[in-house]
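Note that these values count all heavy atoms, side chains included, but never hydrogens, waters or copies made by symmetry. Counting convention: from 1, in listed order, for ligands and their atoms alike.
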Amino acid sequence: MTELELCAAAISAMKNAYVPYSGYRVGAALLTKSGRVYTGCNIENASFTPTVCAERTAVFKAVSEGERDFAMLAVCGGKNGVITGAFPPCGVCRQVLAEFCPPDFPVLLITGEGAYRRVTLAELLPFGFGPSYMEEKVTD
Ligand code: THU
């Protein structure tokens, strides 16, 4: 799985976005260290707050299938699915990534067809709060 192939999977995932309110289609593709890819799209809701982002859809799909070791994430988005530049993960998604991914975890911000900017989770979430700050973890 190349970085460009992961980007292609994220772009493809935008087609399933359910976005009747914003029109912004977002797609994510999460590569596990075992070589599997979990895709996600944003799913909006008439009550707004239950809306879930593409990145969290991908992470939660993977974790719910027993995968917690991640290698890379690609994400893209744009009005009506047209990518005009990076569509970076929101703060909540950055926090969810920090639960499972190390500071040097690579995130590919897709900027166009075959083009992306590679950043790390630490760049997206500096001095982030993560599991290491929890002295007593109840479960693994
Ligand atoms: N959205 C994502 O899917 N991921 C992000 O990290 C940023 C925002 C979605 C939520 C909503 O459906 C739309 O983009 C506009 O905010």
When you check ligand 1 against the protein, what N or O pairs turn up below 3.5 Å? List the atom names and distances, or just say none.
| unit_1 | atom_1 | unit_2 | atom_2 | d |
| --- | --- | --- | --- | --- |
| ligand 1 | 3 (O) | Ala54 | N | 3.0 |
| ligand 1 | 4 (N) | Glu55 | OE1 | 2.8 |
| ligand 1 | 6 (O) | Glu55 | OE1 | 3.3 |
| ligand 1 | 6 (O) | Glu55 | OE2 | 2.8 |
| ligand 1 | 6 (O) | Cys90 | N | 2.7 |
| ligand 1 | 12 (O) | Asn42 | ND2 | 2.9 |
| ligand 1 | 12 (O) | Glu44 | OE2 | 2.5 |

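- Here Arg94 contributes atom CZ and Glu123 contributes atom CD; the two are 10.5 Å apart, rounded to the nearest 0.5 Å.
- Side-chain contact between Val96 and Glu55 is absent, with no heavy atoms from C-beta onward closer than 4.5 Å.
- Evaluated for a side-chain contact (heavy atoms from CB on, under 4.5 Å) with Glu44, the options Ser22, Cys53, Pro50 yield exactly one hit, Ser22.
- Side-chain contact annotation: Tyr38 with Glu65, donor-acceptor N/O pair under 3.5 Å absent.
- With values rounded to the nearest 0.5 angstrom, Arg25 atom CZ is found 14.0 Å from Ile11 atom CD1.
- If you chain together hydrophobic residues whose side chains sit under 4.5 Å apart, Leu30 and Ile110 never meet in one group.
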